[in-house]
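See structure below.
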Amino acid sequence: MCLPTLLPSARRYFLTLAAAIVAMAASGITAAETPYPNRPITLVVPFSPGGETDIFARTLSHEFGKALGQPVIIVNRGGATGAIGTESVARSKPDGYTLVFGTAATHALNMSAYKSLSYHPLKDFEPVALVGTVPVVLYANPSMPRSARDFIEKLKANPNKFFFGSSGLSTTYLSMELFKKAATVSATVVPFKGNGEAIQALVGGQVQFGGGSLGVGRELVKAGKLNALAVFSSKRLAAAPEIPTLFEATSTPLEVGSWNVVMAPAGTPKDIVDRLNAALNEVMKRPAIQAQLAGYGISPVSDSTPASTAKFVASEIAKFDSAFKLSGAEAE
């Protein structure tokens, strides 16, 4: 059987290709050794589009990609309080091309909320960076005292006579449980189907107080429909410096809220994790990014390390486990 004769142009192509392969082999370079990253990176947001987590991820993704030299593509994979999308990343190849944009729910609260969580927030991941915190703001109906100190005194004088709204078992709800413990007050929770319903009930006076991010209630405060009494953080929010911390207002220390971390699957090489961490810290230092995030009540973090991120998540798992037990909720 005769093999077809190659055309001169085809012969030159294959000779060139063969020479390149020989040169790569001689120099010890393979395609797998091309400097990371050499293709787009997927950042899984384990919640539906349009929420605060999704907005945060999309805000930084473009600049994150520019810092790495490759596009960062957002993929929303919601369900089970973020557990479905988070597990999918835990089971991904640990090559640095699939990451998760984790939250206090996916990497802390879910450990208590589920009897058999399909992943471990630390054992199944390589922490890359803590990129932002979202402290809870304490909001009250205008019928309540305007200062946090007077508000707490009123709650103490009327145990279990006032109500706060909650949209199910969430970091915001558990933050309110921690607030009740820290301030030594008692109040009754009223469950709602969603955060929007809880806020409207607060505006309408069906409940007297509640928690939420700055973005949730900022415009309502400006309109005089709510009062922002305090923020549960160690320092005031850049976008709302008029709101005191709870400690400033009442000498009651409390730091709690949601947060966002970037995680890679366990086993991702250290040099890749370090590369990702450096790029994220660089992006989070940019004034334009900081200003944009501040408007949502997000406090950017630009100096985290993989080790400090792991330590932070471990402490938050313990904090939310304590809050979960205070709430009396049962794991699913």
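Position 1 is the first residue of the sequence; numbering continues from there.
- Under a 3.5 Å cut-off, the side chain of D124 and the backbone N or O of H120 do form a donor-acceptor pair.
- In terms of heavy-atom proximity, M284 sits nearest to L293 at CE-CD1, 3.4 Å.
- Shown here is K225, whose NZ atom has no more than 12 heavy atoms of other residues, nucleotides or ligands within 6.0 Å.
- Side-chain atoms of R218 never come within 3.5 Å of backbone atoms of A240 as a donor-acceptor pair (strictly under, hydrogens ignored).
- Exactly one of Y139, F163, F164 qualifies for a ring pair (Phe, Tyr, Trp, His ring centres under 6.0 Å) with F209. That residue is F164.
- Residues E87 and L117 form no side-chain contact, since every pair of their non-hydrogen atoms from C-beta on lies 4.5 Å or further apart.
- Across V189 and Y173, no two heavy atoms sit closer than the pair CG2-CE1, 3.8 Å.
- Ring centers of Y36 and Y97: under 6.0 Å apart, within the cut-off.
- E332 contributes no side-chain N or O that, together with a main-chain N or O of A113, makes up a donor-acceptor pair within less than 3.5 Å.
- Taking the side chain as every heavy atom from C-beta outward, P121 and M111 approach each other to under 4.5 Å.
- Tested against L276, the residues L68, T268, N281, D271 include a single side-chain contact (heavy atoms from CB on, under 4.5 Å) partner, L68.
- In this structure, K319 and L178 have side chains that are in contact, with non-hydrogen atoms separated by less than 4.5 Å.
- With a 4.5 Å cut-off on side-chain heavy atoms, H107 and E316 do not count as touching.
- A salt bridge links K270 and D274; the closest N-O separation between the charged side-chain nitrogens and carboxylate oxygens is under 4.0 Å.
- Within a 6.0 Å radius of CD in E242, other residues, nucleotides and ligands contribute more than 12 heavy atoms.
- A salt bridge links D321 with K325: the distance from a Lys NZ or Arg NE/NH1/NH2 to an Asp or Glu carboxylate oxygen falls below 4.0 Å.
- The aromatic rings of Y119 and F125 stand perpendicular to each other, their planes meeting at an angle above 60°, with 30° marking the opposite boundary.
- Each of I41, T59, L99 was scored for a side-chain contact (heavy atoms from CB on, under 4.5 Å) with F64, with one residue passing: L99.
- The local environment of NZ in K311 is sparse, with at most 12 non-hydrogen atoms from other residues, nucleotides or ligands closer than 6.0 Å.
- Of all heavy-atom pairs spanning P127 and T309, the tightest one is CB-CG2, 3.8 Å.
- Between the side chain of K154 and the main chain of M144, no donor-acceptor pair closer than 3.5 Å is present.
- Going from atom CG of N158 over to atom CD of E153 covers 11.0 Å, rounded to the nearest 0.5 Å.
- Using a 30° and 60° split on the angle between ring planes, F179 and F151 fall in the parallel class, below 30°.
- Other residues, nucleotides and ligands place no more than 12 heavy atoms under 6.0 Å from the NZ atom of K235.
- Enclosure of atom CZ in R91 by more than 12 non-hydrogen atoms of other residues, nucleotides or ligands within 6.0 angstrom is indicated.
- The shortest non-hydrogen separation linking L229 to A140 is CD1-CB, 3.7 Å.
- When all heavy atoms of S299 and L237 are compared, the pair lying nearest together is OG-CD2, 3.8 Å.
- Distance alone, capped at 3.5 Å, places no donor-acceptor pair between the S308 side chain and the S304 backbone.
- Within the 3.5 Å criterion, the main-chain N or O of F47 finds a donor-acceptor partner in the side chain of N76.
- Within the 4.5 Å cutoff, side-chain heavy atoms of V216 are placed close to those of E52.
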